[in-house]
Amino acid sequence: MRVLVHVYGVAASSARLPDGLTGRLGRPVRRIEDDALVVLVSDVDDDARVRREDLLVHAHLLEAAVAEATVIPSRFGVLVPDDETVRREFLVHQRDHLLGLLKAFDGCVQVTVHASYDEEAALREVLRRDPALAELRTSTDAADTAAQVRLGEAVAGALASLREEAADLVLERLRPHALAAAVNETRGAYDVVSVALLVRRQERARADAAVADLDREVGDRMSLRYVGPQPPYAFLDHVVAEERSWA
Amino acid sequence: MTVMQQSPSRYLDRPAPSSLADVIDTILDKGLVIDIYVRVSLVGIELLTIDARIVIASVDTYLRFATAANRLDLTETGDAKGLPDLFEGITESGAKGKTSGALEGVKEKFDELFGGDDDEDDEDEDEEPQPRAQKKTAQRRPQKRAARSRSQG
């Protein structure tokens, strides 16, 4: 059975990273490094299935690392044949690119806020706002499926407006406290917004306070989740073309 | 409105580690890639991703919205008075006057018709054990167990 190398991410070789990290399948995380860069990897079997736990290991390992140092995360699933290839591709071919990214994100972490409307609060609100919709609800025949679909469609439309408005509010409250903000895709009917914030590690308390304030402001109708600190997943593309610094 | 149980030391004071739902949207979608080595087509991931995708614009979903809206009992909970004034200048009328008896009838009918289609996020069986997440909405019909947040799975 072949053994492949799973790549978690890249940091400056001078960076202080946590010791004794454990990777997928409980195997130790190894460092492949030169004078400037270190690639964090661990071995996986060629035919290893991906389990939920593997995804979490990848994410949590990077979160542990980014708590202490700037890390450029790999997407999950970057598997390289051997150490020599890691060395060649990351430390040689991608060297300048990676050094540029590390410089651009120096001292930065990502935190992510997910806001979702509580179902009941959302439905109550759209019915309260729109008397015509409330009337439609009252008058629609429960046994008439087509009419119920029309009612549902009207509710869905009203919910979409409500979500949009709520998303604007959330972004307005959080954006000023971040170097940059990136909105992630959301899918759920009651998902308001998922926004990644790039913040300086040392100024994270400001973002924390903004999220706590927002939670107090909207907590009666929305649920917030606050995730991080993470490596700057959502912002990598922003600096590919130009070696931009957030400073 | 009724005061909510919101302790001062909630987890939102600090960010928390990623949950599975979070990683699907981050590490599978974003991050450094060196294309020739990516082998994400691994068993398991597809299922996870499909789990997370909810198609909003479908007949099924519309029926769910209708059902959810029909379930609301605006009378018993005091209607708009129970809601915070989220947005100013909105009329508070128009949704009153339904009887809970009529609503229960509707609900039962819909559970009968569509109950089988409900996924795990919907509440349609009262004998189900514990709610997964405490809703913060303070006012609800007493005989209903707490609804669960849809997007926290």
Side-chain angles (χ1 to χ4, degrees), chain A residues 49-52 55-56 58-60 63 72-80 89 111-112 116 118-121 123-125 127-129 131 134-135 137-138 142 148-149 151-153 155-156 184 187-191 208 211-212 215 219-221 223-230 233-234 236, chain B residues 4 6 10 12-18 20 22-23 25-28 30-34 37-40 42-45 48 52-54 56 59 61-66 68-70 72 74 80 83-84 86 90-95 98 106 109-110 135-137 140 147 149-152:
Chain A
R49 288 170 51 116
V50 172
R51 301 155 305 153
R52 293 168 181 231
L55 300 175
L56 289 170
H58 182 97
H60 291 166
E63 285 164 25
I72 303 304
S74 275
R75 185 175 302 193
F76 185 94
V78 174
L79 299 177
V80 181
E89 292 298 330
V111 290
T112 304
S116 60
D118 295 331
E119 179 179 42
E120 186 175 325
L123 291 169
R124 283 185 187 285
E125 180 59 19
L127 290 172
R128 187 176 76 89
R129 285 176 171 209
E135 169 56 30
R137 183 187 84 134
T138 314
Q148 288 292 332
V149 170
L151 170 62
E153 193 171 359
V155 171
N184 301 316
R187 311 187 185 90
Y190 297 95
D191 286 348
D208 292 357
V211 174
D215 187 43
D220 52 10
R221 56 197 189 274
S223 303
L224 301 185
R225 280 187 303 127
Y226 186 27
V227 176
Q230 303 163 292
Y233 296 106
L236 287 183
Chain B
M4 292 173 304
Q6 195 162 337
R10 293 183 57 220
L12 275 179
D13 293 347
R14 305 176 63 77
S18 295
L20 189 66
D22 301 316
V23 304
D25 282 333
T26 50
I27 70 175
L28 294 183
K30 304 182 179 79
L32 192 70
V33 176
I34 295 185
Y37 298 112
V38 174
R39 312 206 336 193
V40 179
L42 300 162
V43 189
I45 289 206
L48 291 179
R53 288 184 200 282
I54 299 165
I56 295 178
V59 166
T61 318
Y62 288 154
L63 283 172
R64 270 184 210 173
F65 283 138
N70 285 330
L72 280 186
L74 300 176
L83 278 171
L86 317 185
I90 307 289
T91 172
E92 296 196 351
S93 68
K98 296 194 64 78
V106 170
K109 192 125 207 153
F110 268 86
K135 284 261 280 210
K136 286 177 287 180
T137 314
R140 54 178 57 257
S149 308
R150 296 185 67 87
S151 56
Q152 301 222 344

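These values consider heavy atoms only, across backbone and side chains, with no hydrogens, waters or symmetry-generated copies. In what follows, every chain begins at residue 1, and chains take the letters A, B, ... in the order their sequences are listed.
Note that CG of A:D215 and CG of B:L12 are 4.5 Å apart. Values are rounded to the nearest 0.5 Å. With rounding to the nearest 0.5 angstrom, the CD1 atom of B:I27 is 4.5 Å from the CG atom of A:L55. Rounded to the nearest 0.5 angstrom, A:E119 CD and B:F65 CZ are separated by 8.0 Å.
Minimum heavy-atom separation, B:P17 to A:E63: CA-OE1, 3.3 Å.
Looking only at side-chain heavy atoms (C-beta outward), A:R124 and B:L72 come within less than 4.5 Å of each other.
Looking at A:E153, the atoms closer than 4.5 Å to chain B (heavy atoms on both sides) sit in the backbone and in the side chain alike. Interface residue A:V111: only side-chain heavy atoms are found under 4.5 Å from chain B.
Chosen from A:V149, A:V211, A:V155, the residue pairing most often with chain B at heavy-atom distances under 4.5 Å is A:V149.
Remark: A:T112 engages A:Q110, A:Q230 in a side-chain hydrogen bond (donor to acceptor under 3.5 Å, both in side chains) (not counting sequence neighbours). When the side-chain contact (heavy atoms from CB on, under 4.5 Å) test is applied to A:D208, the partners found at least two apart in sequence or on another chain are A:R204, A:Y226, B:P15.
Looking at A:R137, its side chain does come within 3.5 Å of a backbone N or O of B:A69 through a donor-acceptor pair.
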